[in-house]
Trainee: 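Just dropping this structure here.
Just so it is clear: chains get the letters A, B, ... in the order the sequence lines come, proteins before strands, and each one is counted from 1. All values below were derived from every heavy atom in this structure, side-chain atoms included, with hydrogens, water molecules and symmetry-related copies excluded. All figures in this text were calculated on a predicted structure; none of them were measured in a lab.
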Amino acid sequence: MIRKYHVVAISLRIVVNNFGDHNPNGRIYVLKENESKIKDLVSKNPFKPVELVQPLAIRANEGDVVDILFENQLPFSAGMHFQEADYNVLTSDGADAGFYPDTTVKPGEKILYRLNASQEGIYFFTDLGNVSSTEQGSSVQGLFGALLVQKRGSTWTDPITGGPINSGVYADIHHPFLPSFREYAWFFNDEMEVKDLTGNRPLNPMTNQEAESFHGVNLRYEPMTNRKRLIEEGVVCPDCDSEEVHHDSWVFGDPATPILRGYVGDPAIIRLIHGGVRETHVFHYHVHQWLGDSKNIEAEILDAKAISPQSHYSIQPLYGLGSLHGAKGDVIIHCHLYPHFGAGMWGINRVFDTLQDGSQCYPNGVKIEALQPLPDRPLPPKPTPEKPGFPNFIPGKVGFKAPRPPLGIVGGREMTVLEENAAIPNARPGAVFADPCLDNPVVVEFDISVIEMPVVYNRQGWHDPKARFYVFDEDFDDILSGKKEPEPLVFHVPAGTCIRINYTNRVPHILDGDAFQLVTRTYENGFHIHFVKFDVLVCDGGNVGWNYDSSVLPGQTIRYEWFADTELKAFFFHDHLFANSHQQHGIFGAGVIQPRFSRCLDSRTGEEVDHGTQVTVEHPLIPDYRDQTLFVHDFALLFDKNGCPIQPPDYPGSEDDPGVFGVNYKCEPLKFRLGKDRDPAYSFSSYVHGDPVTPILRAYEGDPIRIRLLQGAHEESHSFNIHGLKWKEERPDLSSSMKAQQHIGISESFTFEMEIPSSGDYLWAFEDEEDIWLGTWGLIRAYEEKVDDLITLPDRNDPPGRTEKLPKQTGKPPELADPQGSLPPNAYPDAPVKKFDVIAFQTSIKYNSYGDHDPYGIIFALEEDVDDILSGKKNPVPLILRANVGDLVEVTLTSKLKKELFPFPDGIHPYPPVKEQAFYPPSLRISLHTSLLDYDVKTSSGDTIGFNPDQTVGPGETITYRWFVDGQFGTCSMWDMADLRNHRSFGTFGAFIAEPRFTTYHDPYSLEEVKTGENVVLRNPLLPTTREFVLIMHDGVRLEDKNGKVIIDPIDGVIPETEVLEEVDTYDYGSRGFNYRSERLINRYKEHSVMHELFSSEVFGDPSTPVFEAYPGEPVVIRLTNPAERRRAHTFHLHGHSWKFDTKDLDSRTQSFIGHIVAGHSDDLPLIGGAGGVFNFPGDYLYRSGNIRWDIELGMWGIFRVHHELQENLPRLSD
Amino acid sequence: MALDFSQVTDVNEIHDQAIIQHFKNGINHKALVLSPSYPYIFIGIIKKVLGDTVEIDVETTHFAQLENRKWYIHIHNIEVFYIERPGAPKIPKLDDL
C-alpha cells in the first residue's frame, strides 16, 4: 500500500527538562498535522518540555511504498535522507551529491520523496543539506527521526488511549497472528546547544565551571548537576550528596527523560537510534538481555551495546519486560559512559505489576497515566489497598532518599505488611519480590568487600594512591600486606548456579580531593551486576526511580542473590551509586559463567580455584582451555613516582579526559621502552626490555583459550586486537565471520574462543595510537616445551620436556627472524606460492586538488610502482594485496627509509598529539603486519614482540614474510608495527584481501590482470564477476596546505569558520579520509559558500576520494578497513544500498551502515541487489562517515557512481 | 528398460531402521545424545523405543531444571549420539559443584 506523510522541518525552542534548560535554536521534523499545535504549545510553555517536541517517529509496514512530502521551513536548504530504504537516488536521496539532481529543498519549498520499505526495521532519517558540526548545523540541533517499519499486516495504537496514532516514540504494535508488543523509540543525541533558564551555558555546581555538554535521549536530558542544586538549596534530601540519588524518584520525582512503561512479561522492542553527531555511546539496559542480531537466533547475547552516530539497532529483550524471572520495578537504561550518564543520558523502563487505568498516583501524588494492556496478554490484577502494586507498596518518604530493601542488609529490617503482600512466597535476602533462582539450583556464596589502598601500575612507579577495588574477604589480609597483587576481581561459576554475595563496604566515607577530583562524600556503594537474573527492586546495587536503594553504608554488609541462568560469558559488576566518582579508581570486576560442570584450576599449581583473572578450565565433555579476563580502563587517575599527577585535567572535577590508561590495573607505556639504541622497533621486545607488567596469558602450543574482554572504566572507545589469532564474531554461530579486532565501550563483554596454533609470543593490544602509547598491551605466550609453573591442560598430552632454556632479557635486540625456515601452521607443502616485492619509502602524498598534502608520507608500494610514484606519475594509494584461499603468500619487504626525510629531528612528534608526549625518535626500521591470515608469529607477524625474533627491517634490509590464506576472510588490515607513533599516521598501512580460490583480479577499464589496486574486477569460474572496491578509512593524518602550513584539524576544517570549537580530545586531532585522499569541505566552502551544494560535482567536479563506478545491478563488494589510528570511532554509511551484518551468515540482519570503526577494523560489504540497490537505480550515491562532528567536514566521503548509460572507458561486467 | 522403483532397495529406510534398531539394542544402557532442538544435550538411560522415538530417563541436560524426567526424542533428529556399553569408554560423570 502507499502510505503518506507530510513532514515539516521547523526551528523552535526545545526545552529539555523541568529545570528549564533549553536549546533556543532547536530544529526538528514534525508532522504537518501537528505543526501549529506544537508551535502554539512551545510559545505558551517557554520553560517546560512539550511532549510533542520529540524526534519524529513514523511507521509503515514492510512492503509499503511510503510517500513523504517534505516541506522545509528552516532558514537553509534541507532534506530527509533515509537509511535502509530503497529509493530512486535521483529523486529521493535528500542530498545534492555528485552530478545528479539536488533533492534537498530551499526554505519554504517542498519535495516528494518516495521510499520502498522492503524490510522491517529502523529507517533512520536526517538532513544532509547542512552538515556543519557547529550549532549552525541541522543534525546537531535535533533534526533527525525514524521511519519504523513493522512486519507486514501490523497496526499500531496509542499505549495510553488505545486509539490510532500517526506518529510518536511510543506505540503498541499489533499483528493478526504475532504477539503484540510495546515499541519504544530511543534516540540518543549529543553535543546539542543547551542553555539554562538564564540563557547561559549551564554551570556545574561542584566545579563552578561550565557543565558537560548535552547528552540526552529523545531531546531530553536529566543532568545530575540540576538535581544536586535542589539538595544544596535544601529543597530535598538534606543528608544526600549528589550522584547517589541522581536517579532517585523518591527525592526528585520522575526525570524528564523517557520512561518506557509496560507490564511484567510484555513483549517489547526498543528501537535504539543514534541521532547525534560525535560520540560512540554504550546503551545499557538493566536486568534484560537480547540477541545481538535480532534476526539471528544464534547471535551473541548482549546487555550493553556500543552505538556510533547515525547507526541503529533493534533491542528485543528476551522473555519480555522483567526478563525470565518477571521482575517488576524501575529498570534504568542509560549510556554507560559515566560522564554522559552524569550529564543526563538516561531513562527508565517502568515495569508495572498492576493495572494502570489512570486512577492511581505515584507516591508524590503525580498521576500515573493509563496504560492499555496488550490485547493478547493476561490482564494485570487491579490494585487494591492491600496490594497496591509497584511502586505503592514501598515504604518510602517523598523528598528523601529511597528506603533500603527489607531483609538484605545484615542487621536490617523485616518486611512491612504491604511488602509481605507484594513479596514472593519464599522471600529471602536479595530475592524479595521476584525469584531469580529457578527451581532450587546449586548455590555458591561469596564474601566480597570493596577496599581502598594504593596500587602501583608499572615499574616506573605510576600509581593510584587511592585505588578502590573489590576483593574476596579471604584475600583481604594478603592484599593489604602486599602478599597478593591487586587485580580486578574475577570469579568463576558454572552456568545454572544461584550466586549469593555478602557484600561489605569497607571504603572510607570520603574520596579525597587532588589534582583530578574534588572531595566527594562517597559514603555508600552497591554492587550492580550485568547479565545475571536478579530482583531489580532490592538487588540492583543501585538507587533507581521508585525502587529501593540497594547499597550499603561503610561497615555494613548487604546480601544479594543472582542466577547465572546459562553460559552468558563474563558479567560485569561495579558500583552504581558513586560510579562516576570512583569507578576509574578500579571498582570493577567480572563473574565468568563457565559451562556447567566446569572446574577452574590455578594454572601454576593445578589447585582448584574460584577466582582469578587467569585460570585453567577443566570440563568432562568439551575441550579444556585457558581463560584470561582483560579489563581496559581509561580515566586512570595516576601519579608518577614523585607524586605528580599524570595528565591532570585543567581543573579538579573536570571530566575532560583526565588521566591515562590501564589494563587490569597495569600499564606499560612505550616511552619507557626505548632502550640504549633508542629504536622504537624494539619497544615490544622482551629481549631488550624484559616482559611487560601487563597480563601474559600462558599456554602450551595447541591449547584452546578464551579471552574475556571487558572495559572497566570510564568514557572512551578502545580497539582490541590480537596478532596472529582470530575468532568467530558471533561465538554461538557456526556461520559467523572471523575477526581479529573488536571495538569495546564500557560495560560491554566479549568472549573470544581460539586455539593457539604454534608456539611463540602473540601480541594483544588496544591498538589505537594513544592507548598503546600509554601501555595497553601485553602478550599471549605459548610454549613448545614443558615449563615448571604451568600445568598441562588435563585433557591434553604433556608437551615435550624442556631441552632449551627459556629466553631471558639480554638488553640487546633479537636476531632477525627466518621466515623461510618454516611454513605457516595451517599451510601445506605444495601450496601455490604468490610473491610480492614491497618497498617501504617516503614520498609526498597529495590528498586533494586544493593542495592539501602530506610531505612526509611513508608508504608501502610494489617495487614496480616505486619509480612512477617517486617521479610523480602516480599519486600513491595504500598498498592493497590480494591472494586466494590456499595460496602461500611471500611478501618480500625492503626498507628504503631515510632519516633525513622524517619531519621531527628532536624526536618528539607534536601533531597529531597524544597524551604524555615524550622523546621517541622515528625508527628507520619497518615491518608489515596483517590481521586474520595464518602465519608463524615467530617469523611473519611483522611484530618484534616478547621473545620472538626481529621481524622488522632497517634501511637496505629485506625480509620475506610467509602468510597462508587459510580462509575466505575478505578484508584483512595491514600496518607497520616497527613504530606506531612515528609511522602509521604518515601512511604505513594497507589492506590484504583474501579472495575465493581460483579468483583472478582485473583492471576495471582494461580488464587486464593486475596485482594491486583499490578498484578491480574479480573473475571466478564459479562465482559472479564482481566489482571490488577497497576503502581504507583512516584518521590522525598530518597534512599541510598548499602553502606548507600545517593543517590543525578538526579546528581548521570546521564550517562555517566563525564558531569557537567545542572541546577537542587528543584523539580527535588529525585530518582524515579514504585511501590517502580527503575532500575537506572547508576547501569547497571557501570557493562556494553554499552548504547544501558542498557534495555537488556539478559545482566542484568530483571529489578526490575514490569515485567508484558500476552499472545497475552489477555485483559489487566493498572491502572496508581502518588500519589507522585514533580512538574516535567512526560510522560508515553508503546511501541507497545495504548488506548483511555478517557476510558469512544469511540469517543476519541487513543494514546500510557499519558502526564503531576503530583501528584494526575490517569488514566486507557485498551489496544486496548489486549496484543501485535492490531496484538497480542509477545515480550518484554518497559513501561517507556518519559522524557529523567532524568526519564529514574533514573529508571522509566520496561517491559511488552507478551509470545509466554505457561509458566509453568502462566495460560492463557482462561484456 | 525402465527402472521399476518399487523393486529398488530404499537405502534411507534401511539406514533409518538400523539406527532405530541400534537404539533398541541400547535399551537399559546409558546414552549421550546431542540434538539441534532445545535443550540440546541429553544423558541418561534408554528406557524404550516407540516407533522412531526414544524414551530416555534423563539425568543430565543443559539445564538442571529439566533433568530427572523422561524425555522423548525423535531419533532422526539426533545429530550425535553415543551409547555406553560394557568395556567401552564411559560417559563422563557430570556433577554440579
Trainee: Mind checking whether Leu621(A) and Pro92(B) have side chains closer than 4.5 Å, heavy atoms only?
Mentor: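 Sidechains of Pro92(B) and Leu621(A): in contact.
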Trainee: Sort Val493(A) into side chain, backbone, both or neither according to what part of it lies under 4.5 angstrom from a heavy atom of chain B.
Mentor: neither
Trainee: Side chain, backbone, both or neither: which part of Asp95(B) has a heavy atom under 4.5 Å from chain A?
Mentor: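 Backbone of Asp95(B) only, per the 4.5 Å heavy-atom cut-off to chain A.
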Trainee: Return yes when atom NE2 of His74(B) has more than 12 non-hydrogen atoms of other residues, nucleotides or ligands closer than 6.0 Å, and no otherwise.
Mentor: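 Correct, the count exceeds 12.
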Trainee: Under 4.5 Å from any heavy atom of chain A, what part of Ile41(B) do you find: side chain, backbone, both or neither?
Mentor: side chain
Trainee: Could you check if a side-chain atom of Asn440(A) sits within less than 4.5 angstrom of a side-chain atom of Gln65(B), using non-hydrogen atoms only?
Mentor: no
Trainee: More than 12 heavy atoms of other residues, nucleotides or ligands under 6.0 Å from NZ of Lys30(B): is that the case?
Mentor: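 Atom NZ in Lys30(B) is crowded, with more than 12 foreign heavy atoms closer than 6.0 Å.
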Trainee: Does some side-chain heavy atom of Phe597(A) sit less than 4.5 Å from a side-chain heavy atom of Thr60(B)?
Mentor: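 SC-SC contact between Thr60(B) and Phe597(A) confirmed.
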Trainee: Can you confirm whether more than 12 heavy atoms, excluding those of Ile297(A), are under 6.0 Å from its CD1 atom?
Mentor: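 Not buried by this count: 12 neighbours or fewer within 6.0 Å.
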Trainee: Step through the shown structure and confirm whether more than 12 heavy atoms of other residues, nucleotides or ligands are within 6.0 Å of CG on Asn797(A).
Mentor: no
Trainee: Once you round to the nearest 0.5 Å, how far does CZ of Phe63(B) lie from CG of Asp439(A)?
Mentor: 13.0 Å
Trainee: Hey, does the side chain of Arg596(A) reach the backbone of Thr61(B) with a donor-acceptor pair shorter than 3.5 angstrom?
Mentor: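 Yes, because the side chain of Arg596(A) sits within donor-acceptor range (under 3.5 Å) of the backbone of Thr61(B).
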